[in-house]
Amino acid sequence: MNSNLYFAPSASILPMVIFKKIQDIQPYLSAQKAAGRGIGFVPTMGALHAGHRSLVEKSCAEGLFTVASIFINPTQFNDKEDLAKYPVTTEADIAMLIEAGCDALFLPGVEEMYPGGSDTVQTYDFGYLETVLEGAQRPGHFKGVGQVVGRLLDIVRPGRIFMGQKDYQQCMVIKSLLQQMPGGDKVEMVMCPIVREADGLAMSSRNRRLTEPQRAIAGTIYQCLVSIQGKKGNGNFAVVKKECEDLLSDKGFIPEYVALANADTLALLDDYNDSAPMVALIAARLGNVRLIDNILLT
Ligand code: AMP
């Protein structure tokens, strides 16, 4: 792409403006705010699918001037191979964002985000959240997520940030980030429902790396979550957890965790406990693709 401007092919759709530089997007967004528009922000790493699209559509439906970002943030990848293989589909992403009604796209390079190197950009401490489940399996991941989202929020300064429940623990990290960062109290995080394929597989940019046979069984994770939810009334979580781990292993997954937690604190639960909202979470590897999913037990 040579130009910073990309206009929709159809005259009936308003153009989406693409910015690569902070010095260009900031005055543009300030002008929108001065004109009385609220800003909705959807940060992504690209390789967009209907899950991402739902976040953009939600922001637009709330009448917000909607800004998406695409930035594959190196500081949140604990696995270098995962970073190297992360899909890049920028042209298709742009087309999808325009169709979804997105108003502006921020598409920075690493230099723009971390001009003095990532060590010079503020990080935050998420305490317990960095030590459990995704935090335990992916050391440093949430430090990187907090760092990049903090930086993006400083640049975009939205009133609302739209995040997917698909990354439940990440939503909790962003809530904590908003409590910690200056001006974070002026931003509301909106957690949006998980968009799934017909067989229940949570949409993910990494799904496109699944082989056909892997894809055919990938919906098993969702089946496990549904069975954990279904046995809430009369079940023993230790038994259901073992059934899920066995089923996943039999199908060829390597389960990393099958967990039940307090949905507000993410404190792990040994058994169902109706006194607080609960969330069940699963992470499992299928070949070299790592899949995560969760379900609220309401
Ligand atoms: P990513 O590009 O993977 O960093 O995701 C960007 C945003 O899209 C995050 O807030 C994700 O939680 C959200 N997201 C990813 N997959 C889905 C999905 N299947 N349904 C809803 N939101 C999603």
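Whatever order the structure lists ligands and atoms in, that order sets their numbers, starting from 1.
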Colleague: Please check if the number of heavy atoms outside Lys186 that lie under 6.0 Å from its NZ is greater than 12.
Modeller: no

Colleague: Starting from atom 20 (N) of ligand 1, which protein heavy atom do you reach first, and at what distance in Å?
Modeller: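 It is Val195 N, 2.9 Å.
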
Colleague: For Ala284 versus Phe253, what's the shortest heavy-atom pair and its separation?
Modeller: CB-CD2, 3.8 Å

Colleague: Does atom NZ of Lys58 have more than 12 heavy-atom neighbours, drawn from other residues, nucleotides or ligands, at distances under 6.0 Å?
Modeller: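 Not buried by this count: 12 neighbours or fewer within 6.0 Å.
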
Colleague: What is the nearest protein non-hydrogen atom to atom 10 (O) of ligand 1, stated with its residue, atom name and distance?
Modeller: Gly164 N, 2.9 Å

Colleague: Can you name the atoms of ligand 1, numbered from 1 with element, that are less than 4.0 Å from a heavy atom of Met163?
Modeller: 10 (O)

Colleague: At less than 4.0 angstrom from any non-hydrogen atom of Met203, what atoms of ligand 1 do you find?
Modeller: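 Here the atoms of ligand 1 in question are 16 (N), 17 (C), 18 (C), 19 (N).
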
Colleague: Ignoring hydrogens, what is the shortest heavy-atom contact between Leu248 and Cys224? Give both atom names and the distance.
Modeller: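 The answer is CG-SG, 4.0 Å.
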
Colleague: Decide whether an N or O pair under 3.5 Å exists between Met45 and ligand 1.
Modeller: yes

Colleague: In ligand 1, which numbered atoms sit nearer than 4.0 Å to a non-hydrogen atom of Thr44?
Modeller: 2 (O), 6 (C)

Colleague: So is there a nitrogen or oxygen of His52 less than 3.5 Å from a nitrogen or oxygen in ligand 1?
Modeller: yes

Colleague: Where is the nearest protein heavy atom to atom 3 (O) of ligand 1: which residue, which atom, and how far?
Modeller: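 In this structure, atom 3 (O) of ligand 1 has Tyr86 OH, 3.8 Å as its nearest protein heavy atom.
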
Colleague: Going by the atom numbers of ligand 1, which of them fall below 4.0 Å from some non-hydrogen atom of Leu55?
Modeller: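 Counting atoms of ligand 1 from 1, those under 4.0 Å from Leu55 are 7 (C), 8 (O), 10 (O), 13 (C).
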
Colleague: Measure the distances from the heavy atoms of His49 to every atom of ligand 1 and state whether one is below 4.0 angstrom.
Modeller: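 Per 4.0 Å heavy-atom rule, His49 contacts ligand 1.
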
Colleague: So which protein heavy atom does atom 23 (C) of ligand 1 come closest to, and at what separation?
Modeller: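 In this structure, atom 23 (C) of ligand 1 has Lys166 CB, 4.0 Å as its nearest protein heavy atom.
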
Colleague: Decide whether the shortest distance between a heavy atom of Pro43 and an atom of ligand 1 is less than 4.0 Å.
Modeller: yes

Colleague: Do Val226 and Val279 belong to the same hydrophobic cluster, where Ile, Leu, Val, Met, Phe, Trp and Tyr are linked whenever their side-chain heavy atoms lie under 4.5 Å apart, directly or via other members?
Modeller: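 No.
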
Colleague: Give the atoms of ligand 1, by number and element, whose distance to some non-hydrogen atom of Asp167 is under 4.0 Å.
Modeller: 11 (C), 12 (O)

Colleague: Rounded to the nearest 0.5 Å, how far does CG of Asp119 lie from OH of Tyr114?
Modeller: 10.5 Å

Colleague: Do other residues, nucleotides or ligands put more than 12 heavy atoms under 6.0 Å from the CG atom of Asp270?
Modeller: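 At most 12 heavy atoms, drawn from other residues, nucleotides or ligands, come within 6.0 Å of this atom.
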
Colleague: What do we get for Pro193 next to ligand 1 when only non-hydrogen atoms under 4.0 Å count, side chain, backbone, both or neither?
Modeller: backbone

Colleague: Stepwise, does the salt bridge (charged side-chain N to carboxylate O under 4.0 Å, His left out) test hold for Arg290 with Glu134?
Modeller: CA-CA 11 Å; Arg290 188 171 181 278; Glu134 287 304 284; 2.8 Å; yes

Colleague: Once the angle between the rings of Phe237 and Tyr272 is folded into 0 to 90°, is it parallel (under 30°), tilted (30 to 60°) or perpendicular (over 60°)?
Modeller: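 If you compare the ring of Phe237 with that of Tyr272, the planes turn out perpendicular.
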
